[in-house]
Structure formats: C-alpha cells, structure tokens
Participant: 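I'd like to ask you about the structure that follows.
Quick note on labels: first sequence line is chain A, next is B, and so on, each numbered from 1.
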Number of protein chains: 2
Amino acid sequence: MIGTTGRDPEALAVSVDLVIFTVRGDELNALLVERGNEPYRGACALPGGYVRAGETLDQAALRELREETSLDGGRVHLEQLRAYSEPDRDPRGRVITVAYLGLGPDLPRPVAPRAAWTPVADVLEGRTVLAFDHAGILRDALERARTQLEHTTIAARFCPEPFTVGELRRIYEVVWGFKLDPSNFRRKMTRAEAFLEPTGEQRFPEVGRPAALYRRGSARYLVPPLLRSAAARDACP
Amino acid sequence: MIGTTGRDPEALAVSVDLVIFTVRGDELNALLVERGNEPYRGACALPGGYVRAGETLDQAALRELREETSLDGGRVHLEQLRAYSEPDRDPRGRVITVAYLGLGPDLPRPVAPRAAWTPVADVLEGRTVLAFDHAGILRDALERARTQLEHTTIAARFCPEPFTVGELRRIYEVVWGFKLDPSNFRRKMTRAEAFLEPTGEQRFPEVGRPAALYRRGSARYLVPPLLRSAAARDACP
DNA sequence: CTAGCTAAGGGTCATCTTGACCCAAAGTCG
DNA sequence: CGACTTTGGGTCAAGATGACCCTTAGCTAG
C-alpha cells in the first residue's frame, strides 16, 4: 500500500504497483486492496508500495507480491509493464510508479487484510472504482496480457500443472473475452514446438470425454503466434 | 547529460535516457554523447537527464530530445521502453532511469557539442564502449525496434516523405540485419491496409528504374504482421 | 546505337497456416 | 438405452508466404 504519512512536496518518490491477474471460474480477476486511509479512503487500489533503498524495482515488486499473497515469486510470472508519471497522479506528492504485470494460476485467497480478488469486468464497466490512475494502469496491463497470449507461452502460467488443452483454451477465452474453436485451438497448441509436454496421464472430468494431461514445455515463445483477428480485437472491451 | 554535482546517497533520483535510432547510409545509428565529467569521463553515453519537478517522463524525454538534436517531437517517434533500477548502476548514487526509444528519418547533425551519430554495430561489437548500463539499454531498445517493425508501421517513420518501397525495405534490412526479397516485400507492403499512400509521383534515381513515391498511411499496425523467421532472428546479433 | 547494368514492379507456383466445418470417441446423467 | 458434453481427429477452401522468373525503365560504357 501507498504510505500513510504526508510527503515533502518537493521530494520525488518511486513506487511499484502490481496488476496480478488470475482466472477463477469463468472470470478474469485482479488482486485489489481496499484503502484504509485518505486519499481515496474506501476505494480500491492496486497493491503496491515505495521502493526501498538498495532494492531494484523487480525486488520491490516481488516483496509486495509476498506481502499481499504470501506467494513466492516462483509460481507467479512478473514482468515490468511501464512507468506512470503524471505529476498530479497522487495528491500527496510527486510519485512516479512503475507498474508490473503478474500472472498466476488460480491463486489462494490473499493473506493481507482488505485484499481480495475482484473481477476485471467490474472495473472496466465502472462497478468497482479504483483510486489514483489505477484503472488506466489495469487497462494497460490487460492489453499487455492479451498481447502476450498471442506471442508467448505464458497462458500456461495461468494453469496449475498438470492441465488439459481445454483448461488452456479457457484461459485464452477468459482473457481475450471471446470463444475459440476447440478443434483449431488444439491443432495449434499441440503442434507448437515445446509448448505442451504430454504426461501420458488422463483426467476424468465430471462430464465429457477424458482429456490428456500436459505440463508446460520449455518454449517461451509461440511460433507462429496465435493472433486475434482484427474483428475480435475490436469486439471485446 | 547526467548532472555534475555529487548527490546525497540516501536520495532517490529519476532520470530519462534516450535511445534515438536513425538510418544513415546502410547503417543503423544511435545518438551518443561523449561524457565530459566523471564517472566514465571520455566514454560515450545515451543522452538523458534528470526529471524535473512538475514534468512527466514523456515531457522530460521530449525536452532532452530538443536539447540534443534541436528537433521538435513532431518528426521523431518516442515511446517508453522500460525502467532500469539496479542500485549500483550509477556510482554517484541511487538513480532509477526510464529509457525511451526514439525513431526518426535521417536526422540532422546533433546541435549539442560532443553529441554524434554512432553506428550501433560499433557498440554491439565492443568498438565503442558505453558508460553505466547503457550498452544493455541500447540492446533492449534495438530488440524492441526490431519487434516493432514486425507489428507496426513505424518503419515509415524512418523515411523522409515522400519515399519509395525500396527505401522502406532498406529500413527493414538495416534494422533487422539481413536482406529481404524485394518482390515479396513490395507485395506485402502495398497490400497492407493504409500503410502506404501513393502520391502518384515518381522518383528518378541515379541508377535503376524510376520508383513510385508514397506517403505514410493512417494505419498504425501492420496486419497481418511481417514476422522475421526464427532462423533469421537467431542469425543476426 | 547498342549492350550491359541496376532496381522496380508484376507474375507463377508449391507450401503452410488458418478458419469453418463435420464427425467419431468416451465419459456422465436421466 | 438415448441425450448430452467434451475430447480429439479429419476435411476443405481461402489466404499468406517464400522462392523464383521475367519484363520494364532508367542509366552508362563502348
């Protein structure tokens, strides 16, 4: 959380803010904390805090992640998004923040009090109001996540291992916001080099045919990429 | 340039550093300044400086651009690359820097003394040594520029208008570091929606057949993208 | 004037990828 | 058993790509 004390208006502070996405059920969720102090008391905000002396931005982001979710960085993919620097973005003083995008499999309930998973749609459609410029940061993070699904293999980071092709497809559908053809999706994913590693096991779901189980392969990039059509890109919010 | 005075080791400063690329002849060049002060006196560095009070990062980057090249932002495409935050990246104290990637057509000689266009290859191959972590920043910027050429229409920002398809192709070849098939390249570019806008004029070069002239179209993205093959990606440095 | 050079610009063709389908297989539930 | 759901395999046409070929239109050397 952003500190509680007033700040020298001349001073320049640097913070990190985290957009942690996870897929729960059929919804994309982000980790938000309810603010206990002014400004924006009672509103929601992205988890984050000031960068400490001797700490890199990556280390600060990992520390905040641990404080809010009690997760080591091993299970969550964290990457720098960009810096936000509007002089009046924080009414307490000059704070430049570096946003991080985090992705993880259906994560446990956050440990921090007042922290909770919130559907991203609630923010996009105005049902949940975010403090500061955090709504804009969240939108940028969502767009980055959607683009990353096209070119990289991070979608598998959303899935607890082992997982089925259907589970992986649901990640794409939830993050992108539209349905994919199951058959074409399977062809694409199973033929991609080192994306999926078959375990040989099967999973027997409550309904439907048993599905083969996979583990994440070694590939970091999906070549050729799986591009959203221009039409689909425009259709979703 | 980075300031000349010593700094309080407890304080945290934020700077911007600019990687400005331009194509001159058959080489990709970056704008570098020779350092007149310690540390790294005599070495080259990226242009940059501290962010001032009340200034966004974008504004700081534009101001530095003007100071070094006397160019308004209109002719140069500037975008944020990422932040660099290793605590010991600057021996004078804690400085977090946000790097910007800039692209422009064959730009005039820089106005600032000790500033000069330098072939990027000289840096990559160690003939030119950069101060701080600037060599790493330059490599990251080059990789970003290469990726941007695949998905966006920024390559045209390297070309003074009006330009020919051959000139545009040379941009790709110089930035990517390998040759492209002229015929296939033309097909791809002229069929891309709103990338090239024919002027109807022709240019008569010293040698070879006259070429049709184009202006930048309104499209910002190149769909479908023009992807480097995995082989080509690995081949170039 | 002609041959030779260079680069533009148009075309062919085999291959690959994609999107829209269809359909059988293998489980559960009524 | 039959309805239902999801997996997983297949076809087929349309489009994109890479490797070519060849003509065109300017220049220059002889």
Participant: How long is the straight-line distance from CZ of A:Arg157 back to CD1 of A:Ile171, given to the nearest 0.5 Å?
Facilitator: 13.0 Å
Participant: Whether A:Arg169 and A:Glu173 form a salt bridge (side-chain N of Lys/Arg under 4.0 Å from carboxylate O of Asp/Glu) is what I want to check.
Facilitator: yes
Participant: Do B:Glu150 and B:Arg146 sit within salt-bridge range, that is, some charged N less than 4.0 Å from a carboxylate O?
Facilitator: no
Participant: Between A:Tyr172 and A:Phe185, is the ring centre distance below 6.0 Å?
Facilitator: yes
Participant: Run the salt bridge (Lys or Arg N to Asp or Glu O under 4.0 Å) check on A:Glu68 and A:Arg114 step by step: do they pass?
Facilitator: CA-CA 10 Å; A:Glu68 305 287 350; A:Arg114 305 192 315 280; over 6 Å; no
Participant: Nearest whole angstrom, please: distance from the P of C:dA8 to the OH of B:Tyr214.
Facilitator: 11 Å
Participant: Whole angstroms only, please: what is the CD-P distance between B:Glu173 and C:dA7?
Facilitator: 11 Å
Participant: Could you check how far CG of B:Leu196 sits from C1' of C:dG9, rounded to whole Å?
Facilitator: 14 Å
Participant: Would you please say whether a donor-acceptor pair under 3.5 Å links the side chains of B:Thr97 and B:Asp17?
Facilitator: yes
Participant: When you check the gap from the basic side-chain N to the acidic O, do B:Glu161 and B:Arg216 get nearer than 4.0 Å?
Facilitator: yes
Participant: Could you go through B:Glu143 and B:Arg228, starting from their C-alpha distance and side-chain angles, then the distance that decides it, and tell me whether this counts as salt bridge (Lys or Arg N to Asp or Glu O under 4.0 Å)?
Facilitator: CA-CA 12 Å; B:Glu143 185 48 41; B:Arg228 297 170 280 172; 3.3 Å; yes
Participant: Would you please confirm or rule out a distance under 4.0 Å between OP1 or OP2 of C:dA7 and any side-chain N or O of B:Arg203?
Facilitator: no
Participant: Between D:dG18 atom C1' and B:Lys179 atom NZ, what is the distance in whole Å?
Facilitator: 18 Å
Participant: Among A:Leu65, A:Ile20, A:Leu18, A:Val19, which one satisfies side chain to side chain contact (heavy atoms under 4.5 Å, CB included) with A:Leu31?
Facilitator: A:Ile20
Participant: Can we say B:Glu201 and B:Arg215 salt-bridge, meaning some charged N sits less than 4.0 Å from an Asp/Glu carboxylate O?
Facilitator: no
Participant: Starting from P on C:dA7, measure out to CZ on B:Arg170 and report it in whole angstrom.
Facilitator: 12 Å
Participant: Measure from NZ or CZ of B:Arg82 to the centre of the six-membered ring of B:Tyr84 and say whether it is under 6.0 Å with the direction within 45° of the ring axis.
Facilitator: yes
Participant: I'd like a list of close polar pairs between nucleotides 23-30 of chain C and the protein, N/O only, cut-off under 3.5 Å.
Facilitator:
from: C:dA25; atom 1: N3; to: A:Arg209; atom 2: NH1; distance (Å): 3.2
from: C:dT28; atom 1: O3'; to: A:Glu206; atom 2: O; distance (Å): 3.2

Participant: Give me the residues of residues 156-168 of chain B where at least one heavy atom lies under 4.0 Å from an atom of DNA chain C, by number, or none.
Facilitator: B:Gly166
Participant: What are the atom names and distances for every N/O pair under 3.5 Å that joins the protein to nucleotides 10-17 of chain D?
Facilitator:
from: D:dG10; atom 1: O6; to: A:Ser183; atom 2: OG; distance (Å): 3.0
from: D:dT17; atom 1: OP1; to: B:Lys188; atom 2: NZ; distance (Å): 2.8
from: D:dT17; atom 1: OP2; to: B:Lys188; atom 2: NZ; distance (Å): 3.2

